[in-house]
Amino acid sequence: MALETPNHTQTVAGWAAYDSSGKIAPYIFKRRENGVNDVTIQVMYCGVCHTDLHHVKDDWGITMYPVVPGHEITGVITKVGSDVKNFKLGDRVGVGCLAASCLECEFCKNSQENYCDQIQFTYNGIFWDGTITYGGYSDMLVADHRYVVHVPDNLPMDAAAPLLCAGITVFSPMKDCQLLESPGKKVGIVGLGGLGHVAVKMAKAFGHQVTVISTSPSKENEAKQRLGADYFLVSTDAKQMQGGKRSLDVILDTVSAKHSLGPILELLKVNGTLVVVGAPDRPIELPSFPLIFGKRAVKGSMTGGMKETQEMMDVCGKHNITCDVELIKPDKINEALDRLARNDVRYRFVIDIAGTSKL
């Protein structure tokens, strides 16, 4: 494990957390030269994910400082390796959570690289050359082309950036639950944040009836009038939750705070499925009776493989689905992280890395 090798000759300006205070400050570091399988990307925009907040504060006890966060990256290719055939100079591209995998296991060979035992992430991971990976809070990135996707021309690069994490995180379980090809289902979305608002847009685009379940009554108008949700349930209102019992086919739980799955499970029909995509830092409560008496299933889902990520981007291009973002300059990253910790963003911060307007 190393910060760099003799092959790391490119000086890069970025922003990093140096310790568990989580405070972000400018950081100059080195990236590797562009290899035969690599593309070099001028970073234009990078989304701020809740995972970034966990990493900069070392909430999970795995952070290797200094850490350069960022795995919702959009930019333009400035260099292409000799063995790369599917990208060219000037292409609009995106990089999400994945930087490397073994390429040999059943999951890698089945386009599910995200479940590879040797998966390494875009930041705070260990690349094939033994160096620590640095993310998109930086002005350029060198990435293996197998972990890069094309961004459709009609999608603005800033609002498309969070699709590389938030978008694929909700798209993958929707596809797994056959929601892409079977319209007319009744779909619940728990939480109306960075993940939830994209899930509502996707579920509506795929032709489903959508119910948002939230602790915040104030979000009802937003959910219905602007995002197109059909129904809204306040999860702390026992009467509303009782009225919604056995009404939903599939529920995506996007909440990252500790909560009980019991009341949510009761909203599912018999044989319904609850997919957990949020990542609370403490165990969630899973009572047995709602499972047993409803023959219900609870499963988890983690981002998606590269083929699926490209499919997600293409589907978003087809339906013109983007994230609702608040654009910030790099000098506002700390303020954004503080606000994110208080859920004070509608619905995703995106850093204007290159200081440009929409591309």
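Each of I264 and L179 belongs to its own hydrophobic cluster when Ile, Leu, Val, Met, Phe, Trp and Tyr are linked at side-chain heavy-atom distances under 4.5 angstrom. No continuous path of hydrophobic side-chain contacts links V275 to L233 [ILVMFWY only; heavy atoms under 4.5 Å]. Linking ILVMFWY residues whenever their side-chain heavy atoms come closer than 4.5 Å, directly or via other members, places M202 and M302 in the same cluster. Linking ILVMFWY side-chain heavy atoms closer than 4.5 Å, directly or via other members, places V95 and I353 in a single hydrophobic cluster. Linking ILVMFWY residues whenever their side-chain heavy atoms come closer than 4.5 Å, directly or via other members, leaves L267 and M174 in distinct clusters.
Of the listed residues (R346, R348, R339), just one forms a salt bridge (Lys or Arg N to Asp or Glu O under 4.0 Å) with E326, and that residue is R339. Tested against D249, the residues K269, R296, K186 include a single salt bridge (Lys or Arg N to Asp or Glu O under 4.0 Å) partner, K269.
With hydrogens and angles ignored, the 3.5 Å screen pairs no side-chain donor or acceptor of Y147 with any backbone N or O of C97. One N or O on the side chain of S138 and one on the backbone of G135 form a donor-acceptor pair closer than 3.5 Å. One N or O on the side chain of T74 and one on the backbone of M157 form a donor-acceptor pair closer than 3.5 Å. Using modelled atom types, no side-chain atom of E308 and backbone atom of S111 make a donor-acceptor pair closer than 3.5 Å. Side chain of S216 to main chain of S218: no donor-acceptor pair is present (N/O by atom type, distance under 3.5 Å, no hydrogens or angles). Remark: side-chain polar atoms of K175 are not paired, donor with acceptor, to backbone N or O of L180 under 3.5 angstrom. Side chain of R146 to main chain of S101: no donor-acceptor pair is present (N/O by atom type, distance under 3.5 Å, no hydrogens or angles). T254 places a side-chain N or O within 3.5 Å of a backbone atom of V190 that can act as its donor or acceptor partner. Panel note: side chain Q118, backbone C102; no donor-acceptor pair is recorded below 3.5 Å. Judged by distance alone, the side chain of H197 and the main-chain N or O of G193 form a donor-acceptor pair under 3.5 Å.
Between L3 and Y134 the shortest side-chain heavy-atom distance falls below 4.5 Å. The closest side-chain heavy-atom distance from N124 to I62 is below 4.5 Å.
No side-chain donor from either of Q42 and T78 sits under 3.5 Å from a side-chain acceptor of the other. For the residue pair D58 and S20, no side-chain donor N or O sits within less than 3.5 Å of a side-chain acceptor on the partner. A donor-acceptor contact closer than 3.5 angstrom links the side chains of T5 and H8. D129 and T131 share a donor-acceptor pair across their side chains, judged by distance under 3.5 Å alone.
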Practice item. Test salt bridge (charged side-chain N to carboxylate O under 4.0 Å, His left out) on K329 and D331 and set out the steps. Key: CA-CA 5 Å; K329 299 295 185 184; D331 62 359; over 6 Å; no
Exercise for review: Decide salt bridge (charged side-chain N to carboxylate O under 4.0 Å, His left out) for D144 and R32; before the verdict, give the C-alpha distance in whole Å, the side-chain angles of both, and the deciding distance to 0.1 Å.
Suggested key: CA-CA 11 Å; D144 187 288; R32 70 180 185 273; 6.0 Å; no
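Between Y18 and Y27, the ring planes lie perpendicular to each other; the angle is over 60°, past the 30° to 60° tilted range. The aromatic rings of F171 and F206 lie perpendicular to each other, with more than 60° between the two planes, well past the 30° mark.
The residues D153 and R92 are annotated as salt-bridged, a charged nitrogen and a carboxylate oxygen being separated by less than 4.0 angstrom. With respect to D324 and K201, a salt bridge is recorded, a charged nitrogen being found less than 4.0 Å from a carboxylate O. Looking at K79 and D38, no side-chain N of the basic residue comes within less than 4.0 Å of a carboxylate O on the acidic one, giving no salt bridge.
The CD atom of E72 sits 12.5 Å away from atom CG of D158, with the distance rounded to the nearest 0.5 Å.
Within the structure, ring pair (Phe, Tyr, Trp, His ring centres under 6.0 Å) pairs that include any residue of residues 109-131 comprise H55-Y123, H71-Y123 (at least two apart or interchain).
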